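Remember, predicted model here, so these are calculated numbers, not experimental data.
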Amino acid sequence: MKEYSLAGTKRAEAGKKAAKQLRAQGLIPCNLISKEGAQSFSVKVEDLRKLLYTSTVYAVNLDIDGTVSKAILKEAQFGPVNEEIYHLDFQKFNDGDDIVVAIPVKVEGHAAGVKAGGKLVKKVNTLTVKGNYKNIPDRLIVDVTELELGKSLCVGDLKFENLELLNAKSVIVASVKATRASRNK
């Protein structure tokens, strides 16, 4: 898992009015959630672009007024009209802790069913995994070369080293559908 450094400052005031004033100054209100409780802070909008507008999941090194914590972005709230960033929630973790995060899925290989005239259909874009942040990859690579015409690949069929998949085992990741051309053969 890639790491990202982010600097923030503690917030003295909470509430809608204070959050609105922060956004007017180009700052975004955030919370760092941990076992000890929540800590309010703010970060600059321009520091968040690479963190938010990518499919990559980062372990964030948060520096809040000199105190550095490891965290993961748990939730981002956006405005309903202009997609302005409203609020961010980060989950604090320690180096030995397992974290739960949604990782993008990448399908690789040329399925045998596609060679027979079928069409490969990717059903999920992300899978939820649990593991140490050092063992979590940028993408989950799913090989579909053995997938036959009319067959599906489910979460229960997948195995990743040092990771636990939290999605239901019956969730279909990819399948090869029969096309009109494959039925006429």
Side-chain angles (χ1 to χ4, degrees), residues 1-106 108 124-142 155 158-168 171 173:
M1 178 179 271
K2 293 181 181 177
E3 294 193 14
Y4 186 84
S5 295
L6 187 62
T9 55
K10 289 183 182 176
R11 286 193 295 161
E13 297 179 27
K16 282 185 181 181
K17 187 175 180 180
K20 192 172 184 178
Q21 288 173 346
L22 281 173
R23 285 190 286 274
Q25 297 170 11
L27 300 171
I28 301 301
C30 304
N31 284 333
L32 177 62
I33 302 163
S34 65
K35 295 173 184 171
E36 297 86 36
Q39 179 183 6
S40 298
F41 66 99
S42 61
V43 295
K44 295 177 184 173
V45 174
E46 55 268 9
D47 294 345
L48 295 171
R49 302 238 184 261
K50 187 177 177 188
L51 178 66
L52 289 176
Y53 301 111
T54 181
S55 63
T56 305
V57 179
Y58 290 100
V60 181
N61 295 316
L62 273 176
D63 182 357
I64 303 171
D65 292 336
T67 305
V68 179
S69 305
K70 281 220 181 288
I72 191 154
L73 181 65
K74 273 304 199 187
E75 183 180 7
Q77 297 175 1
F78 296 92
V81 177
N82 57 5
E83 292 293 317
E84 177 185 346
I85 306 166
Y86 269 21
H87 183 84
L88 300 175
D89 284 332
F90 292 90
Q91 178 73 45
K92 182 179 177 180
F93 65 90
N94 297 318
D95 281 340
D97 294 346
D98 284 348
I99 59 171
V100 176
V101 65
I103 301 294
V105 174
K106 182 176 184 195
E108 280 190 352
V124 294
N125 292 323
T126 61
L127 289 174
T128 306
V129 299
K130 179 180 180 181
N132 190 296
Y133 86 98
K134 293 177 183 175
N135 297 329
I136 296 178
D138 294 334
R139 287 181 175 63
L140 295 174
I141 308 296
V142 177
V155 171
L158 302 176
K159 299 277 185 272
F160 295 100
E161 191 175 330
N162 298 321
L163 293 178
E164 178 186 348
L165 294 172
L166 299 179
N167 298 76
V171 171
V173 176

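For the pair Leu32/Ser69, a side-chain contact is recorded, criterion being any heavy-atom separation below 4.5 Å from C-beta on. Counting heavy atoms from C-beta outward, Thr128 and Leu165 have side chains that stay 4.5 Å or more apart. When side chains are defined from C-beta on, Arg49 counts as touching Val45, because their heavy atoms get closer than 4.5 Å. For the pair Met1 and Ile99, the minimum side-chain heavy-atom distance is below 4.5 Å. Looking at heavy atoms from C-beta onward, Lys35 lies out of side-chain contact with Lys92 at the 4.5 angstrom threshold. A 4.5 Å side-chain heavy-atom check between Ile103 and Thr126 finds every atom pair outside the cut-off. Side chains of Leu27 and Val43 form no contact here, defined as non-hydrogen atoms less than 4.5 Å apart. Side-chain contact between Lys130 and Val101 is absent, with no heavy atoms from C-beta onward closer than 4.5 Å.
Of all non-hydrogen atoms in Pro29 and Ala19, the two that sit nearest each other are CG-CB, 3.9 Å. Nearest approach of Ala71 to Phe90, heavy atoms of both residues: CB-CB, 4.0 Å. Residues Asp89 and His87 approach most closely at OD1-NE2, 3.0 Å, considering heavy atoms. The shortest heavy-atom contact between Val105 and Val124 is CB-O, 4.2 Å. When all heavy atoms of Ala76 and Leu52 are compared, the closest pair comes out as CB-CD2, 4.0 Å. Shortest non-hydrogen contact noted between Ile64 and Thr9 is CG2-C, 4.4 Å.
Judged purely by atom type and a 3.5 angstrom limit, Asp63 uses its side chain to pair as donor or acceptor with the backbone of Gly66. Although no hydrogens or angles enter the test, the distance criterion places no donor-acceptor pair under 3.5 Å between the side chain of Asn94 and the main chain of Gly96. With hydrogens and angles disregarded, a donor-acceptor distance shorter than 3.5 Å links the side chain of Asp65 to the backbone of Lys10.
Within a 6.0 Å radius of NZ in Lys74, other residues, nucleotides and ligands contribute more than 12 heavy atoms. A 6.0 Å sphere centred on CD of Gln77 holds more than 12 heavy atoms belonging to other residues, nucleotides or ligands.
We find the CG-CD1 distance between Asp47 and Ile28 to be 10.5 Å, quoted to the nearest 0.5 Å. One distance of note links OG1 of Thr67 with CG of Leu62; it measures 11.0 Å at 0.5 Å rounding. Summarising the geometry, atom CG belonging to Leu51 is positioned 6.5 Å from atom CG belonging to Leu6; distances are rounded to the nearest 0.5 Å. Rounding to the nearest 0.5 Å places CD of Glu164 at 8.5 Å from CG of Asp98.
When Val100, Leu73, Asp97, Ile72 are each tested for a side chain to side chain contact (heavy atoms under 4.5 Å, CB included) with Gln91, only one passes: Ile72.
Residues satisfying the side-chain contact (heavy atoms from CB on, under 4.5 Å) criterion with Glu161, sequence neighbours excluded, are absent altogether. Listed by chain and number, the residues in a side-chain contact (heavy atoms from CB on, under 4.5 Å) with Lys2 are Thr56, Tyr58, Asp138 (sequence neighbours excluded). Judged as a side-chain contact (heavy atoms from CB on, under 4.5 Å), and not counting sequence neighbours, the contacts of Ser40 are Arg11, Asn31.
Using modelled atom types, one finds a donor on one side chain and an acceptor on the other under 3.5 Å when comparing Lys70 with Asn61.
For Tyr86 and Phe78, the ring centers are positioned 6.0 Å apart or more.
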Legend entry - Stepwise side-chain contact (heavy atoms from CB on, under 4.5 Å) test for Asn135 and Tyr133: CA-CA 5 Å; Asn135 297 329; Tyr133 86 98; over 6 Å; no

